[in-house]
Amino acid sequence: MLAIPKIDAGGGRISLSCHGSAAVFSELSSTYPLKLLSPRIPEDGVAVVYILTYGGGLVSGDRVNLSVDVGEESKLVLLSQGSTKVFKTRPGHRLASVQTSSHPPPTTQIMTFVVNPNASLFLLPDPVTCFRSASYNQIQTFRLTGNASAVILDWVTSGRRSLGEEWVFSRYYSVNEILVDGKRIAKDAMLLDDPQVDVKPLPERALAEKLKPYSCYATLFLVGPQVQAVITELVRRYHAISIMKMKGPDKVIWSLSPLTGNDHISVIVRVAGKETEDVKAWLGKALESVQYSIGKDVYRQVFR
Amino acid sequence: MNSDDETYILLLLSDSNLPTGAFVASSGLESYMKHGFGSNDPTAFIRDSMASYARSALPFVSDAYRLVSLYREMDVQGSSLDQSSSKLLSDIVALEELYETMMLNHVARRASKSQGVALLTLYTKALSPPSSFPLESDAKGVHEQMSTFFTQFKTMVRREDAHGHLPTCWGALTAALGLTLERSCYLHLFLHARSLLSASVRLNDIGPYNAQQILLHAVRPLVAAETSRCRSLTTGSIPHLIDDGAFDETIHGPANTWPLGEILTARHDLQHSRIFNS
């Protein structure tokens, strides 16, 4: 029996390989506050893992560090259950704890993925929702080799709109770096914060001002042979758009760019919507044909 | 360089007739207006566009500037000069490769490359002194060293071994001319804003007097604030430009801060009719 190396708090490891037609975990482990759950699914060569956190969210100072290895020929679908909530402080402790510093340490989520030859990764979590004054860093690295494929979804909402929160977190930073056969093909770094710079006599400009009228922003990367059908259809739809002078913004807006050069072998899609549900519906339609890779049932679990 | 010399270079580089290709770029403004965002006043757009551009491009201006500056001040000759010159070129290529993979918007990428290459041409054709010009031998040496670098850089871009992006080319050009880094960044953002205002005038959203008024009163504090906010940023990709262990990419690295602007800029080509290239 191999000794399993110790995992630090918030750490996790997923290692999937394909034996015949079955996808088998050689490792699936995590420590508090991270929790990994894998439901049984009927689809050959496909495994699903839910990434969860105890208490349904992350607080200031939490550090999640997940490493994932998708073995040759296998397909891994990573999901979350409900949006990843980022609190400034742990709910319920707010009154008791005395804020000692005006800048609590950020919540950090680091995820590293290795996708081996002919394997596919479908990273399709619910969006991140940062509550008032929360500070969040997300660092994701994807290493693909030899005809590996990846669908990478990274999205963020404006906060708890039922409580009137509209882009009032203090900082959201997300970077996605994708390497194919060791060569970097994309490094998308996005920073949303309230910089509080002094530009007198101009008034301050809140984050909500520059992101309105949208309350959800999504970035979707599509890489590799498994997603060529999705790309082809999106490129067709995108080039069919012709914009005349508009009176006001649409409820959903999206763009598509090739990751490298001018061919559309791998692309980045950005989507913004007035409602999170609108963005979700858009994504569900765009990714309709991934059900041929991951199976109808799994697809429906994601975009029900 | 004394302050008169620096002022003279600033005046020269801020000439709106300088052939840099900025004339055909609106950096997403045309698309933004077409999509029904904003009123006729472009100030909000300038603010958001400049903040995002500063945060994503100034780290590259600054690293390219520092690389060329170090090379310019180096006192070497012969084979060690060749060695440092090829090291400089490979560092610049690495910087540009990073910029290319971070700018995931084909319209902005296209505009950045055409303006960057224009700056390389500007240096070789206009800003380097004529060979017949009587210069002291020290100054002559520096100019020759710089001219060779820009010629090589341009050749690499033509062969597609380098991209020739605007921020790296601007950093290299201003370092070669001996401006301070602070001035270089300041002027770069000023020119970005001025080109947006000029696009706004040509889109018939504002008049020329109004454009100058915005440039003087609204843009001025913005340029100053963004220059100072981005002062300590770096790309983190050139090891000898980083203090040991001091680089945290979530704090000091380049990042795009306006996803809406990214979407609208990338949608430029979808407009039924358009007058700008970006």
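Nothing here was measured: the structure is a model prediction, and the numbers come from that model. Throughout, protein chains are lettered first and strands after them, A, B, ... in sequence-line order, and every chain is numbered starting at 1.
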### Query
Are there residues of residues 236-249 of chain A that reach to under 4.5 Å of chain B by heavy atoms, and which ones?
A/Y238, A/I241, A/S242, A/I243, A/M244, A/K245, A/M246, A/K247, A/G248, A/P249
### Where A/V199 and B/A225 come nearest, the two heavy atoms and their spacing
CG1-CB, 3.6 Å
### Task
Ignoring hydrogens and angles, tell me if any N or O in the side chain of A/R270 forms a donor-acceptor pair with the backbone of B/P259 under 3.5 Å.
no
### Task
Mind ranking B/T265, B/L98, B/L104 by heavy-atom pairs under 4.5 Å with chain A and telling me who comes out on top?
B/L104
#### Entry: Residue pairs, two or more places apart or on separate chains, that pass salt bridge (Lys or Arg N to Asp or Glu O under 4.0 Å) and touch residues 49-63 of chain B
B/D63-B/R66
### Task
Please state whether the side chain, the backbone, both or neither of A/D188 comes within less than 4.5 Å of a heavy atom of chain B.
both
### Message
Let me confirm one number: the CG-OG distance from B/D269 to A/S255, rounded to the nearest 0.5 Å.
### Response
11.5 Å
### Query
Checking B/T257 side chain against A/L191 main chain: does a donor-acceptor pair fall under 3.5 Å?
no
### Query
Mind checking which of residues 140-155 of chain A sit less than 4.5 Å from chain B, heavy atom to heavy atom?
none
### Which atoms of A/L256 approach chain B - backbone, side chain, both or neither, heavy atom under 4.5 Å
backbone
### Query
Taking atom OG1 of B/T101 and atom CD1 of A/I185, what is their separation to the nearest 0.5 Å?
9.5 Å
### Best-contacting candidate, B/M102, B/Q271, B/R110, against chain A by heavy atom pairs under 4.5 angstrom
B/M102
### Query
Ion pair present between A/K187 and B/E100, side-chain N to carboxylate O less than 4.0 angstrom?
no
### Message
Going by the rule salt bridge (Lys or Arg N to Asp or Glu O under 4.0 Å), which residues pair with A/E204 if we only count those two or more places apart in sequence or in a different chain?
### Response
none
